[in-house]
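Keep in mind that what you see is a predicted model, and the values were worked out from it rather than measured.
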Amino acid sequence: MKVPGDIDPVDSQLKNFFETPDKGQLLSTYQLALLAPEKKDIVRHYLSRQSPEHLDDINYLASQLRDTDKPLARTVVPIPVAAHQEAPNIERSLGHYAKQKTRNPFTVVLYPNAPSDISDERVEPTFDALKRSRALFPSLDFRYPDLEQFTDPVIGAIRKNIWDAVLLLGYHEKVYDEPGADIIGVNHDIDTISMSPNYIQKIDNFYIRTRASRAHSELMMRQTLPPTLTVIKYAPDLERPNTTKAIFWQDICRRQIGSLALTDEGVVIPLSFYASRGGFNHEAKLSEAIKLTKGNLKTMIPRTNFETSPRRYADRLHVADYNSIWSEDTFGAEDGCRTNPSEDISTERLHEIILDSLPRFIPYFFLIIANDFWRDNNFLTNNDVKKALDIPLEKKRRLALAVLDRIDNT
């Protein structure tokens, strides 16, 4: 792919310029800390390790995203768009960003992509919607490059392309020349249903506080900012009440057992952290953001309320249980959930899905159930609760069913 002239390519021959000491060297903790590179070095190091072909590709993308009148904001929302399927969602989703109440600018980057065998006619509605959105939301800073087509589209490669292009553009615009500066990436898709009007501002506030807590130490300021999560849930579907109940049951169980990251969507990743972890795996077919941030997602920003479409659950719950809603063999460029209308699951199917999930959730969920519904009423003591895991599965199952009855008469 040709490298445009208005952005200089990164020298792909740059190598490790912050070498770690030999294993035989004995250094104090303070001396080791002094070896921590600047964020600019982390970003440059990451870019220098990319293949020349990939650098050419992302350089081309970055040149199209560049606005000479408006620098890239310090908070960026990169969104892959399946251009052959997502046209109906573009204006609605961009409308939610246009309503954001923020003190600082932010940029939305859309990345239209499609399989290489897709005809021009199938992607025209997406670009028509993007053009209409320019007139609908004149104050919103949103950008998009030309259509990118892939012989074998893989979400890991798609996300890596657009995130790397944003990182490269920020690097060329000298964001990382400022001490402590960073670009905060917000991982979103194009099927947004609702978003609280202060969603972006609350993300900004979190990182403003984080930076302030580090300001007393130059070494702390040089460290990458941590990733975090926003409060993502699937929107209720009035036309599919049983599907909505099935999704609600899974979400409440996963939150009870302490699973913060319910979906890749809503993961917030500072781009210096992204670079330090090697970027997205271009071969990842699922969970690319959660895999990148594994072990580092320790906080969730309160009141960053965001609802995404339940369309995949609506499409898959007819034949799949919770464990196989998302699977590599069913998720891809021609995902039927984006286009196929589906009927609601039956009440019998709802019961079947929930009952089949109990053996998975009960070992964790029962302790919470016992604490919330029985101990407070003096039916169980603390010691009884601690022995809960020794209770036979069938008894746990009956107790869980009692809670289900309270929730939904299921």
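In terms of heavy-atom proximity, R303 sits nearest to K202 at O-CD, 3.3 Å. Between L147 and A83 the shortest heavy-atom distance is CD1-CB, 3.7 Å. Of all heavy-atom pairs spanning S346 and N242, the tightest one is C-ND2, 3.5 Å.
Other residues, nucleotides and ligands place more than 12 heavy atoms under 6.0 Å from the CD atom of E352. Applying the 6.0 Å contact sphere to CD of E239 captures no more than 12 heavy atoms from other residues, nucleotides or ligands. Residue K291 qualifies as enclosed at atom NZ: its count of foreign heavy atoms under 6.0 Å is above 12.
Separation of the H96 and Y199 ring centroids does not fall under the 6.0 Å cut-off.
Counting only N and O atoms by type, the side chains of T293 and N296 include no donor and acceptor under 3.5 Å apart. Using a 3.5 Å distance cut-off with no hydrogens or angles, the side chains of E91 and S133 do not pair a donor with an acceptor. Donor-acceptor pairing under 3.5 Å is recorded for the side chains of N89 and E86. No donor-acceptor contact under 3.5 angstrom links the side chains of D237 and T244, judged on distance only.
Remark: the backbone N or O of D146 is paired with a side-chain donor or acceptor of Q64 at under 3.5 angstrom. The backbone N or O of I290 lies less than 3.5 Å from no partner atom in the side chain of S287, so there is not a single donor-acceptor pair. Judged purely by atom type and a 3.5 angstrom limit, N305 has no side-chain atom pairing as donor or acceptor with the backbone of M195. Remark: side-chain polar atoms of S93 are not paired, donor with acceptor, to backbone N or O of I90 under 3.5 angstrom. For S342 (side chain) and A314 (main-chain N/O), a donor-acceptor pair under 3.5 Å exists by modelled atom type. For the pair E173 (side chain) and L72 (backbone), a donor-acceptor distance under 3.5 Å is present. Between the side chain of Y207 and the backbone N or O of D182, no donor-acceptor pair lies under 3.5 Å. In this structure a side-chain-to-backbone donor-acceptor pair under 3.5 Å is present from T230 to G266. Between the side chain of H216 and the main chain of S213, a donor-acceptor pair closer than 3.5 Å is present.
For the pair L225 and R214, the minimum side-chain heavy-atom distance is below 4.5 Å. Proximity of I184 to V268: side-chain heavy atoms (C-beta onward) are separated by under 4.5 Å at one or more points. Annotation: side chain of N187 is in contact with side chain of R159 (closest heavy-atom distance under 4.5 Å). Taking 4.5 Å as the limit, every side-chain heavy atom of N113 sits out of range of all side-chain heavy atoms of Q149. For the pair T107 and R143, the minimum side-chain heavy-atom distance is below 4.5 Å. Using a 4.5 Å heavy-atom cutoff, the side chains of Y46 and D164 are in contact. Between P153 and I158 the shortest side-chain heavy-atom distance falls below 4.5 Å. With a 4.5 Å cut-off on side-chain heavy atoms, R103 and D204 do not count as touching.
For the side chain to side chain donor-acceptor pair (under 3.5 Å) test with K160, the passing option among Q50, H282, E288 is Q50; the others fail. Remark: of the listed residues V77, L61, L65, L65 is the sole one forming a side-chain contact (heavy atoms from CB on, under 4.5 Å) with V109.
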How far apart are the C-alpha atoms of Y97 and T192, what are their side-chain angles, what is the distance that settles it, and do they pass the side chain to side chain contact (heavy atoms under 4.5 Å, CB included) test? CA-CA 10 Å; Y97 295 103; T192 303; 4.2 Å; yes

Could you walk me through whether L47 and L168 pass the side chain to side chain contact (heavy atoms under 4.5 Å, CB included) test, one step at a time? CA-CA 8 Å; L47 292 170; L168 180 59; 3.9 Å; yes

Are D67 and K70 close enough, and set up right, to give a salt bridge (charged side-chain N to carboxylate O under 4.0 Å, His left out), and what steps lead you there? CA-CA 5 Å; D67 186 337; K70 186 184 301 181; 5.1 Å; no

What's the verdict on side-chain hydrogen bond (donor to acceptor under 3.5 Å, both in side chains) for D251 and Y234, showing C-alpha distance, side-chain angles and the deciding distance? CA-CA 9 Å; D251 280 354; Y234 291 98; over 6 Å; no

Can R74 and E178 be said to form a salt bridge (charged side-chain N to carboxylate O under 4.0 Å, His left out), step by step? CA-CA 12 Å; R74 301 302 171 84; E178 301 176 28; 3.0 Å; yes

Give the C-alpha distance, both sets of side-chain angles, the deciding distance and a yes or no for side chain to side chain contact (heavy atoms under 4.5 Å, CB included) between T308 and I232. CA-CA 7 Å; T308 186; I232 301 289; 4.2 Å; yes

Could you walk me through whether E265 and R312 pass the salt bridge (charged side-chain N to carboxylate O under 4.0 Å, His left out) check? CA-CA 14 Å; E265 193 165 8; R312 185 168 179 84; over 6 Å; no

Under the side chain to side chain contact (heavy atoms under 4.5 Å, CB included) criterion, do I353 and I345 qualify, and how do the steps go? CA-CA 10 Å; I353 292 169; I345 59 173; 4.0 Å; yes

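Taken to the nearest 0.5 Å, the OH atom of Y171 stands 12.5 Å off from the CD1 atom of I183. Between the OG atom of S272 and the CZ atom of R277 there is a distance of 12.5 Å, given to the nearest 0.5 Å. To the nearest 0.5 Å, the span separating CZ on R240 from CG on L350 amounts to 15.0 Å. Rounding to the nearest 0.5 angstrom, the gap separating the CG atom in D321 from the OG atom in S357 is 9.0 Å. Rounding to the nearest 0.5 angstrom, the gap separating the OG atom in S196 from the CD atom in Q100 is 6.5 Å. Between atom CZ of residue R222 and atom CG of residue D41 there is a gap of 8.5 Å, rounded to the nearest 0.5 Å.
Using a 30° and 60° split on the angle between ring planes, W326 and Y313 fall in the perpendicular class, above 60°.
Listed by first then second residue, pairs satisfying ring-ring contact (aromatic ring centres under 6.0 Å, His included) with a partner in residues 130-165 read W163-Y274, W163-F280, not counting sequence neighbours.
Between K40 and D177 a salt bridge is recorded (basic side-chain N to carboxylate O distance below 4.0 Å).
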